[in-house]
2 protein chains.
Amino acid sequence: MDKSFLKGLAALDLLAQSEGPVGVTQLARAMGITPSNAHRLLQALVATDFARPVGARGGYEATLKLWRLGARTVARLDVKAIAAPHLARLMAEAQETANLSVLDGHHMVYVDRVETDVYFRAYNQIGGQYPLHCTGTGKVLLAYADDAVQAMALTDLRPFTPRTIVDPAKLMAELERIRAEGIATTMSEFREGIASVAAPVIGAHGRVVAALGVSGPLSRLKPARMRLLRDMVRTTSARVSRLLGAPGPES
Amino acid sequence: MDKSFLKGLAALDLLAQSEGPVGVTQLARAMGITPSNAHRLLQALVATDFARPVGARGGYEATLKLWRLGARTVARLDVKAIAAPHLARLMAEAQETANLSVLDGHHMVYVDRVETDVYFRAYNQIGGQYPLHCTGTGKVLLAYADDAVQAMALTDLRPFTPRTIVDPAKLMAELERIRAEGIATTMSEFREGIASVAAPVIGAHGRVVAALGVSGPLSRLKPARMRLLRDMVRTTSARVSRLLGAPGPES
DNA sequence: AAATGTATTTCCATATTCTGGAAATACAAA
DNA sequence: TTTGTATTTCCAGAATATGGAAATACATTT
């Protein structure tokens with residue numbers, strides 16, 4: 001199946017992930033192909049403006065075209081634009097980092113974030129793929145996902161910490177509780193020492209289109225404070241859902 | 001040169017740009033290829049997780065992988081993260097939409113934005129490519145760009161409004177003025193009725209790595225107010241430059 | 001229910017494109 | 001200048017992509 005296309009995409013991937021510019025030989029070595037082959041792939045990437053040569057002999061680097069196309073894909077999720085100010089407000093009230101994420105395939109992807117302190121920042125990357133079964137927004141998304149996605153997720157409950165839920169039955173019960181309460185919490189289930197609270201964002205057709213919440217160091221998220229955060233998160237998600245035209249709770 | 005790769009990239013591009021899911025036949029028609037060919041390209045995109053089939057017969061859609069990789073590319077521009085709070089503050093003080101953009105090839109690309117009113121929003125897209133010679137941040141970036149980029153830009157001074165500068169000599173003079181004053185302004189040069197003020201952001205090695213500024217409707221940006229905005233923009237860009245480790249003005 | 005129409009998917013022989021080695025070229029360092 | 005390394009070009013041979021046809025899967029109409 002379109003072998004050279006697959007190779008090309010792999011090269012693009014590699015180029016986008018690498019820190020600096022990548023040389024022909026370097027790419028060839030990394031991919032296990034010949035330099036002439038790598039060279040041709042790079043030429044194609046340059047021709048399509050996905051990459052550009054750096055200086056005279058500096059190798060090649062990814063252009064922003066990748067991001068530009070990606071930004072369009074994300075823009076279709078108009079949740080992001082609508083939620084943005086509310087995410088900022090949630091952060092201001094909660095004084096904890098606020099996140100917005102969506103389901104993409106069998107993973108959760110952070111779409112936006114408003115951070116509190118610079119010091120506690122960047123556990124996870126915006127645009128990064130993370131597991132569903134042990135993150136706050138991930139558990140929310142999973143709780144409302146298709147049976148197919150749920151089934152797939154349950155087959156691979158990888159432990160990240162001792163507190164990660166790895167028993168399918170327990171996770172099912174947890175998801176049931178999340179659906180009942182409309183809110184999910186985690187405590188050191190993915191990253192040690194980090195807790196989170198998350199709730200679903202509901203779209204115009206009554207389906208969950210995203211999840212939002214706050215996360216921060218356990219040291220700051222004691223039970224009493226968690227109760228407050230749950231209310232804030234719930235209020236924010238309800239507000240965003242209403243803006244998206246979600247059917248009201250009166251049904 | 002790697003024809004199937006080029007076709008594949010074109011398909012990816014098309015998929016990312018299209019509003020909804022795209023069918024096999026639809027893609028084939030749009031690209032002028034056979035359905036079997038289109039089908040194979042899509043298979044490759046699915047195999048690499050750049051696309052996914054939607055439902056049973058709903059065609060294919062781009063995944064967020066594109067954006068994910070792109071987000072990494074943008075993340076290397078740590079200007080974005082550092083400038084973010086200052087951009088927000090600039091917007092709050094100026095009460096006009098604040099923008100951050102960088103040079104990518106021969107274009108200006110909006111990397112981040114903080115908007116004022118929802119009503120005046122979205123002239124231009126985040127992630128969008130725009131001309132250098134008639135936008136505020138574009139002119140700044142051009143003023144400090146390589147000779148090669150400047151030369152290329154001067155060869156294609158496309159007019160967007162009657163006020164767009166199309167005379168190379170006049171643009172050179174304008175760029176000279178921008179370098180002297182450290183600030184650029186536009187009035188209806190790209191979009192009719194829109195004005196902007198922009199200044200360079202200087203990185204650790206003393207080179208211009210981005211430009212930031214504000215833009216809004218001419219009706220609000222009268223000369224007196226423009227003077228205030230110039231100061232605010234200058235202050236903000238200086239502040240961000242300092243955070244990036246730019247060499248101080250004492251030199 | 002059956003038939004029709006449309007879109008997707010599979011299959012395969014053929015022709016085209018991709019492949020990797022070798023040689024040429026371009027730099028940088030010794 | 002010489003040496004070493006990386007990039008780029010070229011080409012005959014080999015492997016892969018190609019498009020037509022047929023099979024399959026749905027949705028809509030009869």
Side-chain angles (χ1 to χ4, degrees), chain A residues 1-63 65 105 146-148 205, chain B residues 1-63 65 105 146-148 151-152 205:
Chain A
M1 181 212 324
D2 292 59
K3 202 167 151 188
S4 77
F5 181 28
L6 293 175
K7 273 202 277 193
L9 288 176
L12 177 60
D13 198 322
L14 212 146
L15 211 60
Q17 310 250 9
S18 68
E19 285 308 319
V22 177
V24 176
T25 316
Q26 194 181 348
L27 180 69
R29 263 199 273 273
M31 295 183 57
I33 59 180
T34 60
S36 27
N37 199 342
H39 181 247
R40 269 190 314 260
L41 294 177
L42 286 170
Q43 296 269 343
L45 287 172
V46 170
T48 48
D49 193 36
F50 276 98
R52 92 166 64 83
V54 178
R57 184 142 316 278
Y60 296 79
E61 69 180 5
T63 64
K65 179 166 185 178
D146 300 349
D147 293 346
H205 304 303
Chain B
M1 179 212 322
D2 291 60
K3 201 166 150 188
S4 78
F5 180 28
L6 293 175
K7 274 202 277 194
L9 287 176
L12 178 59
D13 197 322
L14 211 147
L15 211 60
Q17 309 251 8
S18 68
E19 285 307 320
V22 176
V24 175
T25 316
Q26 195 181 348
L27 180 68
R29 263 198 273 273
M31 294 184 58
I33 59 179
T34 59
S36 26
N37 198 341
H39 181 247
R40 257 172 296 130
L41 293 176
L42 286 170
Q43 296 268 344
L45 286 171
V46 169
T48 49
D49 194 35
F50 276 99
R52 92 166 63 82
V54 179
R57 182 143 317 276
Y60 296 79
E61 69 181 4
T63 65
K65 179 167 185 178
D146 300 349
D147 293 346
M152 174 65 84
H205 305 303

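We use all heavy atoms of the structure for the numbers below, so side chains are in, but hydrogens, waters and symmetry mates are not. First the proteins, then the strands, lettered A, B, ... as listed; each starts at 1.
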> Can you check whether A/P53 reaches A/Y60 side chain to side chain, under 4.5 Å on heavy atoms?
Replying inline: yes
>> Could you tell me if the side chain of B/L45 sits less than 4.5 Å from the side chain of B/T63, heavy atoms only?
In response: no
How many Å lie between [atom1] on [X] and [atom2] on [N], as a whole number?
X: B/R52; N: C/dT8; atom1: CZ; atom2: P; value: 18 Å
X: A/L42; N: D/dT7; atom1: CG; atom2: P; value: 9 Å
X: B/L27; N: C/dT8; atom1: CG; atom2: C1'; value: 13 Å

For nucleotides 9-16 of chain D, print each protein N/O atom paired with a nucleotide N/O atom at under 3.5 Å, atom names and distance only.
residue: D/dT16; atom: OP1; partner: A/K3; partner atom: NZ; Å: 2.7

>> Would you say B/Y60 places a side-chain N or O within less than 4.0 Å of OP1 or OP2 belonging to C/dA7?
In response: no
>> Quick check on D/dA17: is either OP1 or OP2 less than 4.0 Å from any side-chain nitrogen or oxygen of B/K7?
In response: no
>> Quick check for you: among C/dT8, C/dT9, D/dA6, whose closest atom lies nearest to any side-chain atom of A/T25?
In response: D/dA6
> Of all the choices, C/dT9, D/dT8, C/dG20, which nucleotide is nearest to the side chain of A/N37 once you look at every atom?
Replying inline: C/dG20
> Taking it one step at a time, do A/N37 and A/M31 satisfy side-chain contact (heavy atoms from CB on, under 4.5 Å)?
Replying inline: CA-CA 10 Å; A/N37 199 342; A/M31 295 183 57; over 6 Å; no
> Could you state the interatomic distance from CG (B/L12) to CG (A/L12), rounded to the nearest 0.5 Å?
Replying inline: 8.0 Å
> Could you state the interatomic distance from CD (B/Q26) to OG (B/S18), rounded to the nearest 0.5 Å?
Replying inline: 7.5 Å
> Stepwise, does the side-chain contact (heavy atoms from CB on, under 4.5 Å) test hold for A/D13 with B/K65?
Replying inline: CA-CA 10 Å; A/D13 198 322; B/K65 179 167 185 178; 3.3 Å; yes
>> Reading DNA chain D from 5' onward, which residue's closest nucleotide shows up sooner: A/G23 or A/F5?
In response: A/G23
